[in-house]
Amino acid sequence: MSPRYDAAAIEAKWQDAWDAAGVFTARHDAGRPKYYVLEMFPYPSGNLHMGHVRNYAMGDVVARYKAARGFSVLHPMGWDAFGLPAENAAMERKIHPGAWTYDNIANMKAQFRSLGLSLDWSREFATCDPDYYGQQQALFLDFLERGLVYRKNAVVNWDPVDMTVLANEQVENGRGWRSGALVERRELTQWFFRISDFSDELLAALDTLGNWPEKVRTMQANWIGKSQGLRFSFDLTAPAVGHDSVEVFTTRPDTLMGASFVGLSPDHPLARALEAGSPEIAAFCAECRRIGTSEEALETAEKKGMDTGLRVRHPLDPSWELPVWIANFILMDYGTGAIFACPAHDQRDLDFARKYGLPVIDTFLSLDNPAPVAATAFVPPKTEKVRWIDHFAGLDVATGEEAVAATIASAEADGWGRGVTQYRLRDWGLSRQRYWGCPIPVVHCESCGVVPEKKENLPVRLPEDVSFDRPGNPLDRHPTWRDVACPKCGAPARRETDTMDTFVDSSWYFARFTSPHAATPTDPAEADYWMNVDQYIGGIEHAILHLLYSRFFARAMVLTGHLPERAKEPFDALFTQGMVTHEIYQTRDPNGRPVYHLPVDVTDGKLADGTAVEVVPSAKMSKSKKNVVDPVRIVSTFGADTARWFMLSDSPPERDVEWTDAGAEAAHKHLSRIWRMADELAPKAAGSATDEISDMDLARTVARTIRDVTDGIESFAFNTSVAKLYTLAAAIQKSAAPPTDRAAALRTLVRLMAPMTPHLAEEVWAMLGGTGLVAELPWPKADPALLVEDTVTLPIQINGKRRSELVVAKDLAPAEVEKLALADQAVQRALSGATPKKLIVVPGRIINVVL
RNA sequence: GCCCGCGUGGUGGAAUGGUAGACACAGGGGACUUAAAAUCCCUAGCCGCACGGCGUGCCGGUUCGAGUCCGGCCGCGGGCACCA
């Protein structure tokens, strides 16, 4: 039997060799430049999925490449280990969330190891380790002292049957996912980070993040949502329920003469006050509150309103009275929770006005089509000039921008309003009424109020003896944990039973990796050496929340002395990789609800019992849709190198990739081919280990490949690097050069492949007489002399269409090129004696003859 | 609904505003083999015998030249603050 590429044997061997040599241990080496590459750490669901393989393969390419370029590399890994799934598992299977989580971590770590990633495991931690969350509690206390944390009331989704708070994803069509009960909004006192104090800075600093994707910066800028507008009040015609006016915020004060009604959020203090005296209004507000807490739910719900019967006076015309409505689409969290509506220039307001028979008043008209608004609101860009109708600030033809500025100036001059800068960004509510999270380290004392836990008592550990046989937070019903002495006065008191949002855990783990075992959150010397993260890699789904929260946390950590000043933007470069997608297979249960099936259980569109499945178009692989492919199966069938190679080939890293079995097989075939070439060349080229290649064609191909693969890696175009590696492999295979040449070329090829297929690279390197580990070799260098091209092929276009081509010396004078081009047969034929209207010669690129 | 992306052969994709389809998968043809698997070689956007024409979701624009830039649509995906 002929020898074959045996990935399983090769991969285990080299993983052991790397471990033995300790090549991936990060070393604080002041004499070398450092490089910190970080991939977003995973939630320990128990199993690696293809998205992980893709994410970590990309990070590993960068880490191994930078190591070869002489950097002291930090490439750590840990676990984002708190969160809901562990509690769900606890309820479903009567297993402790901690036990479930640590089992999952053990499983996933073994799977990680089989991928051969260049990770420094000595820095591993899980966010549910008391050592980690204890330091997080220390941070919280420092933030509290610095005034970065406070308490206020906020609404949650309340399941009245299960008597528990629900996450947005646990609310399905307004009902609790388990109980099916209609979800209510309930107000609780909760903890908040003052992220909104940093709105302007977080926005302005986006401009400094030149190595972040433009789209992420745009999304964050929109999320922060800075807007200039006017705050002013409408006076009620008569005082009612303790209110005599309604303050509104508007970004379009210029349309005030088009005001049709004043709208209140159902949560507005005035609306709440009216509820007490009107069962109708109370019923309407209650209905609004059932919509849920997510902005998506509010915005997609049918727009509804109710006339309160109150009237207000228009600030510019006391004789003009407008009705006050309560409307379900007005957010209490934005502005003042009250607006004036201008239906002529806002589609949502227009729909509302038409539905309830409210007036529609044009305030400006288009210059080219000055027709009044009918079915569609007239909402031109704010930079477009329009004609104003009787504008109170004296405008005639002006843009929206100019009109807003003029209106604010006029309102301030006349004293009825003031210009304000408003942000959409809200403070970050971090309280969660759940067990499996970091306890908030404070105690509630009747006489002292909210008392921080003493730092020497940290960590405040989660109690182990909890049960999940009832819904709700087990911490609330755990007397020996909950009931403590006040740290200040010693009187009986109660621990805070809320735990922290898991986004807190992931907002500083990158800093903790610089000194994961320090007795303080960070060690300043280590943080100073390793920060910032030079390259951060993760999914686009984290573009806003995780990254924005981390940017806030870094600032807060600078203010509390845990990070150096320059780390306030902690991620120098960000790369957002696309997702791994797969088709979704579903059948229906008797109620018509979808039941999902794993791809491995579906053959030719049918389940094992012959039931046909519906095929839903590809989407992000997710456990809930079961459209997942198990990487373990792929690794055990083909090897880690194949899985990695396939994840890096074909699709550009920032784009989604569709998983196909055929692609994985092709990757494996290619790696086998490389191995076979080495196996065949090894005896023929024995004893020769020089990099010199005598065959000039092959030498040039090798040099060009080094250049192109390097460029590809530097620019995160791994798929094009892979394509160039395919081309070199084919060139070596077909080359008639002597075996020593081909072996030398192959040795370079595998060194270039090493960041992607590290095990195969080591194996082939050793087979062909290389010494040492590829993982410790410097990156190959291309001989510049071999990269020089002396001729160039210029396409000749006639009227922009390629008709011929010309091979000329690279530096031939443009006048000469013109002559040769005009002499070309195809050009002669097209001209048939005439002279061209124009002749464009772009040196080294193209010739275009215009007839 | 709002914000942000993406759309190129049968498929994944390549292409500083300059030869559209590199590289690969699936396909077709061939070699080797008693046969098959494996492997190797050749072929290939679509229409057309060919000259040639048409082609980067759709419509329009800028340009000597547009997959690439601009405007408007359509479709798909991500996010929307308690999934992580």
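Values below: all heavy atoms of this structure, side chains included; hydrogens, waters and symmetry mates excluded. Lettering of chains follows the sequences in order, A, B, ..., and the numbering in each one begins at 1.
Taking the six-membered ring for Trp and thresholds of 30 and 60 degrees, A/His670 and A/Tyr726 have ring planes inclined between 30 and 60 degrees apart. Ring orientation note: the planes of A/Phe82 and A/Trp436 are nearly perpendicular, at an angle over 60° on the 30°/60° scale. Note on ring orientation: taking the six-membered ring where Trp is involved, the planes of A/Phe575 and A/Phe716 are parallel (angle under 30°, cut-offs 30° and 60°).
Contacts of A/Val657 with the nucleic acid, taken as non-hydrogen atoms under 4.0 Å apart, are absent. Residue A/Gln190 is classed as a base contact, given a heavy-atom separation below 4.0 Å to a base. A/Val156 comes within 4.0 angstrom of a base, heavy atoms only. A/Ala543 comes within 4.0 angstrom of no nucleic acid atom, judged by non-hydrogen atoms across all strands.
Using atom P as the reference point in both B/C59 and B/C51, the two lie 28 Å apart (nearest Å). Here, B/C54 and B/G48 have their C1' atoms 11 Å apart, quoted to the whole Å. Here the separation of B/G77 from B/G30, taken at their P atoms, is 43 Å to the nearest Å. Taking the C1' atoms as reference points, B/C46 lies 14 Å from B/U8, given to the whole Å.
Distance from the side chain of A/Glu169 is smallest to B/C83 among B/C54, B/C83, B/G13. Of the candidate nucleotides B/C82, B/C25, B/C23, B/C82 has the atom lying nearest to any side-chain atom of A/Asn168.
Sequence order on RNA chain B of the closest nucleotides to A/Ile544 and A/Thr727 puts A/Thr727 first from the 5' end. Judged by closest nucleotide on RNA chain B, A/Glu805 is the one of A/Glu805 and A/Met579 placed further toward the 5' end.
A cation-pi geometry, defined here as NZ or CZ lying under 6.0 Å from the six-membered ring centre and within 45° of its normal, does not hold between A/Lys303 and A/Phe352.
A/Lys215 and A/Glu654 are not joined by a salt bridge, as no carboxylate oxygen comes within less than 4.0 angstrom of a charged side-chain nitrogen. One finds no salt bridge joining A/Asp679 and A/Arg4 here, because no Lys/Arg side-chain nitrogen approaches an Asp/Glu carboxylate oxygen to under 4.0 Å. Salt bridge present: A/Arg217 and A/Glu214 bring a charged side-chain N and a carboxylate O closer than 4.0 Å.
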Show your reasoning for whether salt bridge (Lys or Arg N to Asp or Glu O under 4.0 Å) applies to A/Glu299 and A/Arg348.
-> CA-CA 10 Å; A/Glu299 295 264 349; A/Arg348 192 168 54 179; 3.4 Å; yes

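Taking the O4'-C1'-N9-C4 or O4'-C1'-N1-C2 dihedral as appropriate, B/G45 has a value more than 90° from 0 and is therefore anti.
Within residues 710-721 of chain A, the residues having any heavy atom closer than 4.0 Å to RNA chain B are, in order of number, A/Asn719, A/Thr720.
In terms of phosphate contacts, A/Arg426 brings no side-chain nitrogen or oxygen within less than 4.0 Å of OP1 or OP2 of B/A81.
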Using a 4.0 Å cut-off on protein heavy atoms (strictly under), produce a 5'-to-3' string for nucleotides 64-71 of chain B with B for base contact, S for backbone-only sugar-phosphate contact, and - for none.
-> BS------

List the protein contact pattern of nucleotides 39-53 of chain B with one symbol per nucleotide (5' to 3'): B for base contact, S for sugar-phosphate-only contact, - for none; contact means a heavy-atom distance under 4.0 Å.
-> SSS-----------S

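For a distance-only test at 3.5 Å, the side chain of A/Glu541 fails to qualify as a donor-acceptor partner of the base of B/C83. Taking 3.5 Å as the limit, the base of B/C80 and the side chain of A/Glu296 contain a donor-acceptor pair of atoms between them.
Residue A/Cys128 comes nearest to A/Thr101 through the heavy atom pair SG-CG2, 4.1 Å, listed as atom of the first residue, atom of the second, then distance.
Between A/Lys724 and A/Leu752 the shortest side-chain heavy-atom distance does not fall below 4.5 Å.
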